[in-house]
Amino acid sequence: MERPPRTLSPMMAAGLLVVVASMVLLFTVPERYFIAATFVSMACMMAVTFLLTRYRGLFRPSAKTLGLGVITAVALYLVFYMGNLGVTTLHPFGMSASTENSIYSLIASPSNPLFLQVGVLAFDAGGYESFFRGVLQTRLQPRAGVGSVFLVALFDALLHIVTLNPLWVVTTFIADSVWGLTYYYSKDLTSSVTSHFVWDLVIFILLPIH
């Protein structure tokens, strides 16, 4: 029987450090550098994933997994739509929908051409899903089972505390949980990348929630 990979080998620890550093940079650079920093951070995630896994067995595309990705993206959009209504009405902990608008403006700014917006969202989906699902969740899953989904989502959400935007932290945990469950049940990174990318396109470009 093949033994599951060690959760925190030296190479894994080094890769994790690189990714965390790139995300801190992403969240702290001046807004005019956000797009460039996103490409850098996502490239780091993809490079670390390649070094640790060579992407072996992560992608098993099929009509079923692509369909699952689209369905979960739509479901997640509806969750965010209803959540926005709740935040707008109740203002929990002083949060408001306006605190989320700064996120949209960083990507869907009129100063960014459409091809650049789509490109950065594709990198965002590919990078995040490669590392957080393809590496972290895959390595935790043999020990934590479905709990790995929420451990990884919590880790990513805690990294977003650097943004000082509480709504971004909460939405990150929710979104990561959905993408983690998508990957957990499909065992195919195609599904979570599709879900992440479709959701990004809809919520940032096609039907933004304000």
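Counting from 1, the numbers follow the sequence of the chain as shown.
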Exercise for the section: Supply the atom-to-atom distance I203 CD1 to L201 CG, rounded to the nearest 0.5 angstrom. Expected result: 11.5 Å
Handout entry: Minimum side-chain heavy-atom gap M42-F131 below 4.5 Å
Key = no
Practice task
Check whether any side-chain N or O of R54 sits under 3.5 Å from a backbone N or O of F50 as a donor-acceptor pair, and report yes or no.
Solution key: yes
Practice task
Would you mind reporting whether M45 and V135 have side-chain heavy atoms less than 4.5 Å apart?
Solution key: no
Practice task
Flag the pair R133 / T138 as yes when at least one side-chain heavy-atom distance between them is below 4.5 Å, and no otherwise.
Solution key: no
Exercise for the section: Treating Ile, Leu, Val, Met, Phe, Trp and Tyr as nodes and any side-chain heavy-atom pair under 4.5 angstrom as an edge, say whether L76 and V202 lie in one connected cluster. Expected result: yes
Practice task
Please check if the side chain of D188 supplies one atom and the backbone of R60 the other of a donor-acceptor pair under 3.5 Å.
Solution key: yes
Problem - Interatomic distance, T171 atom OG1 to N84 atom CG [nearest 0.5 angstrom] - result: 11.0 Å
Problem - Face-on cation placement of R32 at F34 ring, 6.0 Å and 45° thresholds - result: no
Exercise for the section: Output the distance between atom OG1 (T72) and atom OH (Y185), rounded to the nearest 0.5 Å. Expected result: 13.0 Å
Exercise for the section: State, with a plain yes or no, whether a side-chain heavy atom of F204 is found less than 4.5 Å away from one of I209. Expected result: no
Exercise for the section: Could you check if a side-chain atom of V118 sits within less than 4.5 angstrom of a side-chain atom of L114, using non-hydrogen atoms only? Expected result: yes
Exercise for the section: To the nearest 0.5 Å, tell me how far I35 CD1 sits from N112 CG. Expected result: 4.5 Å
Problem - Crowding at OH, Y81 (>12 non-hydrogen neighbours, <6.0 Å) - result: no
Practice task
Determine whether the side chains of T49 and S130 contain a donor N or O and an acceptor N or O closer than 3.5 Å.
Solution key: no
Practice task
Give a yes-or-no answer on whether the side chains of S191 and T65 include a donor-acceptor pair shorter than 3.5 Å.
Solution key: no
Problem - Donor + acceptor pair across side chains of Y128, S192 (<3.5 Å) - result: no
Practice task
Answer yes if the side chains of N165 and H160 hold a donor-acceptor pair under 3.5 Å, and no otherwise.
Solution key: no
Practice task
Find out whether Y183 and E129 are in side-chain contact, i.e. whether some heavy atom of one side chain is under 4.5 Å from a heavy atom of the other.
Solution key: no
Problem - From CD1 (I161) to OG1 (T172), nearest 0.5 Å - result: 10.5 Å
Problem - Non-hydrogen side-chain atoms of L52 and R139 separated by less than 4.5 Å - result: yes
Practice task
May I ask you to check whether F27 and W168 place their ring centers less than 6.0 Å from one another?
Solution key: yes
Handout entry: Plane angle bin for F39 and F123 - parallel if under 30°, tilted between 30 and 60°, otherwise perpendicular
Key = perpendicular
Handout entry: Member of L151, D176, V152 meeting the side-chain contact (heavy atoms from CB on, under 4.5 Å) criterion with Q137
Key = V152
Practice task
Check whether more than 12 heavy atoms from other residues, nucleotides or ligands sit under 6.0 Å from atom OH of Y33, and answer yes or no.
Solution key: no
Practice task
Verify the cluster assignment for L25 and M46: are they in a single hydrophobic cluster under the rule of side-chain heavy atoms below 4.5 Å apart?
Solution key: no
Fill in the blank from the handout: Closest non-hydrogen contact found for V29 with A37 is CG2-CB, 3.9 Å
Handout entry: Residue pair F59 / V193, side-chain heavy-atom distance below 4.5 Å
Key = yes
Problem - I205 backbone acceptor or donor facing Q117 side chain under 3.5 Å - result: no
Handout entry: Spatial distance of atom CG (L26) from atom OG1 (T28) [nearest 0.5 Å]
Key = 8.0 Å
Handout entry: Close aromatic pair by centroid cut-off 6.0 Å: F80 and W199
Key = yes
